[in-house]
Number of protein chains: 2
Amino acid sequence: MAKDNEIISLKNVIEDNLPSISIDIAIFGFHENHLRILLLKNKDKESWTLPGGFIGKEESLEEAANRLLFSRTGLNNIFLQQFHAFGDPERTRINKRAELLKEQYAKDQYAQEFIEWVLGRFITIGFYALVEFTEVEPKHDIFTIECRWHDVQDLPLLVSDHQSIIETALKTLRQQLNYQPIGLSLLPHEFTMPELQRLYETLLGKTLDRRNFQRKMLSYKILERLPTKRKGGAYKAPYLYRFDKESYEEALQNGLKDLW
Amino acid sequence: MAKDNEIISLKNVIEDNLPSISIDIAIFGFHENHLRILLLKNKDKESWTLPGGFIGKEESLEEAANRLLFSRTGLNNIFLQQFHAFGDPERTRINKRAELLKEQYAKDQYAQEFIEWVLGRFITIGFYALVEFTEVEPKHDIFTIECRWHDVQDLPLLVSDHQSIIETALKTLRQQLNYQPIGLSLLPHEFTMPELQRLYETLLGKTLDRRNFQRKMLSYKILERLPTKRKGGAYKAPYLYRFDKESYEEALQNGLKDLW
DNA sequence: TATTATTGTGTCAATGTAACACATATTTGT
DNA sequence: ACAAATATGTGTTACATTGACACAATAATA
């Protein structure tokens, strides 16, 4: 690995970014009826980290978040929203973050300045993003060795307070189900009614009546039924639908009343 | 005024607080059927500022926000919640904030260091607080000359991006009406049904049917009707109610379904 | 070709909502 | 002191929405 280049990068990190503030992003995808989140594997090969980074000195929060989202997924123009600022003074001192970093750069004396900088107190702005699972090409960053999806029901060991950030993100996601285009962002362009229902059931953590669900979804007039059906699945072929993006966003202005 | 002490304070501000991050608080009260917000008058005697400040190096965001809220209102244990981080690089460079500060401290050469520090880029975490109007004793800080209530419908000239912070706070307040104890926090301990209705009408910006409003509010079982009535008002004396705090918070767990 | 699992559509009772009427209490005006 | 005025307390009704369920249609499966 190009260690020299990395150290140059580390020096730039300090010079180019705001101190004391970072961004972490909970990137959610939906696949095989499971809600997944994109995580980075640390160099200790044990613990994992949320995608994140720092804010350029002339960059807005949203610009920084979009840049970081792109560099992990290769995607642009994605649903991305900040949901909470995490500012406990102890937050970066827990779950062996310091030990991890020191070990990681033990051999590089030139990295000491960076270590000191990054081990100081940071307040992080939590964002959450909703992506179409199949479109993501996970890419890790220079601090990590792997980037892959994890079932939110079965999270690995996470550094710092990232576990708690994910929990807050999930809570926000559920709360905003009726106020943000969550179905539109997480599902592929075309999908079946049962697939949409599974998404809602997964997010809400409960089963819904198939017929009442369909009646309500259709009543919002945000779905367009296509003439095609999805064959090759299990038994009777379901119709395909897609969101009418305009009607969807319009309907969300007032919120979809009471989708369970 | 004790200018010497002030400069010592200014030096401490830099030493004691995190750089690049601040807190601003939209403190709302409800009085005479109007939603009000507490603002500070700048030394230019023209522009106004949101209550706010910086975060101590070992202080959490919530601790800092509570400390700042207390120092403007004299109140503790108040509903206080962060709602958004404002991070546009230009946000503190607009509405003559720099000119204002430089003018303000033009005569104090010792304040130059502080000016430089505070004119750098800041990301601010926006909080909103809900207080019982009559309990507040507004107190200004060392940067300002007055602290008083303003009708949110009739805001004065605000520095920086504070106008936009207030607008976002109001939007959040309306969205959270069914999910946070907003009535409980803004109204006095005992109140009448019409008073509660006015609060909702003001926040929602529309009139509600008196009889349907009462039926719905009572259906939540979060109100306790007192045997006393409020005499001396206009015509027939209305009953007094108070919130059953326990039931209220419990009901908010799932949200009050659809209060208009 | 019959079976089976899944989807499409419909029904009905129970519940919740919007719109409205009338009686009652207290202040107001004379 | 008394009638008028005005706001509050309570109730009714038509209508819309919801939850629970039944049955027919379709395509894979055996």
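In what follows, chains carry the letters A, B, and so on, assigned in the order in which the sequence lines appear, proteins first and then strands, with residues in each chain numbered from 1. Note that the coordinates shown come from a computational prediction; the quantities given were computed from them, not determined experimentally.
A donor-acceptor contact shorter than 3.5 Å is absent between the side chain of R36(A) and the backbone of H150(A). Looking only at distances, no side-chain donor or acceptor of N42(B) sits under 3.5 Å from a matching main-chain atom of T144(B).
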Below 3.5 Å between N/O atoms, which protein atoms pair up with nucleotides 7-9 of chain D? Just atom names and distances, please.
| unit_1 | atom_1 | unit_2 | atom_2 | d |
| --- | --- | --- | --- | --- |
| dT8(D) | O2 | K236(B) | NZ | 3.1 |
| dG9(D) | OP1 | Y239(B) | N | 2.9 |
| dG9(D) | O4' | K236(B) | NZ | 3.4 |
| dG9(D) | N7 | R210(B) | NH1 | 3.0 |
| dG9(D) | O6 | R210(B) | NH2 | 2.8 |

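Distance L256(A) CG to dT17(D) C1': 16 Å, rounded to the nearest Å. The distance between atom CE of M217(B) and atom P of dG16(C), rounded to the nearest whole Å, is 17 Å. Atom CZ in F213(B) sits roughly 14 Å away from atom P in dT17(C) (whole-Å rounding). Here dA19(C) presents its P atom at 11 Å from CG of L208(B), a figure rounded to the nearest Å. Going from atom CD of E195(A) over to atom P of dT6(C) covers 14 Å, rounded to whole Å. Distance, L240(A) CG to dA27(D) P: 13 Å, rounded to whole Å. Rounded to whole angstrom, the span from the CG atom of N212(A) across to the P atom of dT7(C) amounts to 16 Å.
The base of dG10(C) lies outside donor-acceptor range of the side chain of R215(A), with no N or O pair under 3.5 Å.
With hydrogens and angles left out, the side-chain atoms of S47(B) and D44(B) include a donor and acceptor closer than 3.5 Å.
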Please list, one pair per line, the donor and acceptor atoms closer than 3.5 Å that link side chains of residues 179-193 of chain B to other protein atoms, with sequence neighbours excluded.
| unit_1 | atom_1 | unit_2 | atom_2 | d |
| --- | --- | --- | --- | --- |
| S185(B) | OG | P181(B) | O | 2.7 |
| T192(B) | OG1 | E195(B) | N | 3.2 |

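Paired with F79(A) under the rule ring-ring contact (aromatic ring centres under 6.0 Å, His included), one option of Y248(A), F127(A), Y128(A), F28(A) passes, and it is Y128(A).
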What verdict does the side-chain contact (heavy atoms from CB on, under 4.5 Å) test give for D24(B) and L68(B), after you've listed the backbone C-alpha separation in whole Å, the side-chain angles of each residue and the deciding distance to 0.1 Å? CA-CA 9 Å; D24(B) 286 299; L68(B) 292 162; over 6 Å; no

